[in-house]
Protein chains: 2
Amino acid sequence: MKRLKPPASPTTAVHGMDDDPVVQGLLVTISQKRLRPGAKLGEDRLAEAFGTTRIHIRQALAHLASRHVVTQIPNRGAFIHTPTWEEAQAIFAARRIIEAAAVEAAIDRLDDRAIEALNAHAAREAADSKNDRWSSLALTADFHVLIAELSGNPVLLEIARGLILRTSLAIATFETPGSHDCSPEAHPDIADLIIARDKVGALAALSHHLGEMEARIRPAGAVADPNDIGAILKDVGIKPMRRRQSHV
Amino acid sequence: MKRLKPPASPTTAVHGMDDDPVVQGLLVTISQKRLRPGAKLGEDRLAEAFGTTRIHIRQALAHLASRHVVTQIPNRGAFIHTPTWEEAQAIFAARRIIEAAAVEAAIDRLDDRAIEALNAHAAREAADSKNDRWSSLALTADFHVLIAELSGNPVLLEIARGLILRTSLAIATFETPGSHDCSPEAHPDIADLIIARDKVGALAALSHHLGEMEARIRPAGAVADPNDIGAILKDVGIKPMRRRQSHV
DNA sequence: AAACGTAAAATTGGCGCCAATTTTACCTGG
DNA sequence: CCAGGTAAAATTGGCGCCAATTTTACGTTT
């Protein structure tokens, strides 16, 4: 038996490249700063690591390149994008705008499920202090994504997701040696102010929080350390390939 | 003679998929509403129309799909994206946020070149009344892009460009029969208020302008008219292909 | 010994071919 | 005359091979 389908209705199903395992794997690896800006993303190596073909890798890399997460250079390959200092400042400025609007919208449409989600994230972040530093980095970023989700605007959420990810690239590029992405106690404060529906307080706390993040980067801190991705991807749960080794 | 180049510095040159002629051609054709939401974008047909290969078309379509301008359905092909009503509302809400911030930033860093650019665009728009309606549609969108450019934030500009383009898709999908994209006299008013450095006035005029645009769409106005792209692309200056014709 | 130039290896880019699915057209049956 | 089913055509998806460029390694020269 065949089920008949609409003749030419493009609203049936979406491709959903964001759900791609290669894209997701690269994204979380970047948000955890295991892949640093400038790292080479070889097609054959990634294909072997993720267990797929080279064409699939190319599509994923092209998708990430259009999101300004990966930079593709003709005949050179794909690299984790290294933001310029001007781009880093622009990302922070854009985050101030987007996230302030998201906080306002989240307070306007605050309900029990939103409060529960904020508390759940606060609990998860409080219990995370003794985890490995990789997952805690992704967790602090998730708080900002959660606020964007609570805004109820899917377009705003998508923009925020991109900016938050690019922020980790900016921080990884220009950070001063000993610095964290987010001060630990800033997120519960913002969450409480949102739950209390204190707009001006929440906006001030958010602005202060983003200011602290921006204060940790310096224009001269650009590192040129594209460490090899083999050992990194192996730790994520992917089997690496060993091709050859340059001897003495 | 060979010129030596940096060893592995990814900041040397960018790929720049946005400069691709296929992407640009499709983008302007969409902003002019010659390609309407739901239109099928066949790979062979586009390759023949633009005079390139099918692989190049695929890359361009994937890029546009990651920007939510094109929807790709597996084994079905690529279509001009048809926003949902919720997405259309979210786009307008996001534009209010982004463009308000852009106007504020533009006023803060206003200089002579910015004033000249605003006046130049106003003059071009005033002299455009008797042009064909295709280019005037793109011109009204350019005004909003110009404001985003004057904000001085390249990230904000990129976000605004995407939202403005997706707005034309939203309007084309849900517009009521006789409606224009922008009321003609709204842009000079906003430009004058920006030049006068009147923030609250410019923000109010912008909000009113976007409100007028949003008021012209209705949730039931979804059209299912994906007219063929052959005649449209032929008019843009591309040679179409004639394959076969179904006789009587 | 350091630097230049050359050659080999590796990687990316692109084209063509073929399988899988969909769309269309046609034919048959009610 | 309309509906359902079947077959042909068209289109997309994917894999493999080969050219072009880059990167690395090595040998030669000053």
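Keep in mind that the numbers below use all heavy atoms, side chains included, and drop hydrogens, waters and symmetry copies. Below, chains carry the letters A, B, ... as their sequence lines are ordered, and counting in each starts from 1.
Between Arg58(B) and dG13(D) there is a side-chain N or O to OP1 or OP2 distance below 4.0 Å. Under 4.0 angstrom from either OP1 or OP2 of dC15(D) there lies at least one side-chain N or O belonging to Thr53(A).
Rounded to whole Å, the distance from CD1 on Ile57(A) to P on dG13(D) is 18 Å. In this structure, Arg54(B) atom CZ and dC17(C) atom C1' are separated by 10 Å, rounded to whole Å. In this structure, Glu43(A) places its CD atom 15 Å from C1' of dC15(D), rounding to the nearest Å. One can place NE2 of His56(B) at 18 Å from C1' of dG16(C), the figure rounded to the nearest angstrom. If you take CG of Asp44(B) and P of dC15(C), they are 14 Å apart, rounded to a whole angstrom. As rounded to whole Å, 12 Å separates atom P of dG13(D) from atom CG of Leu41(B).
Closest to the side chain of Lys40(A), from the set dG13(D), dT11(C), dG14(C), is dT11(C). You'll find that the side chain of Arg76(A) is closest to dT22(D), out of dT11(D), dT22(D), dG13(D). Checking dG14(D), dT12(D), dC15(C) against the side-chain heavy atoms of Ile55(B) singles out dC15(C) as nearest.
Closest heavy-atom contact between Pro37(A) and Ala172(A): CD-CB, 3.6 Å. Closest of all the heavy-atom pairs between Leu137(B) and Gln32(B) is CD1-O, 3.6 Å.
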message: Apply side-chain hydrogen bond (donor to acceptor under 3.5 Å, both in side chains) to residues His68(B) and Glu87(B) and explain how you reach the verdict.
response: CA-CA 11 Å; His68(B) 298 279; Glu87(B) 184 185 351; 5.3 Å; no
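Remark: Arg161(A) does not engage Asp18(A) in a salt bridge, criterion side-chain N to carboxylate O under 4.0 Å.
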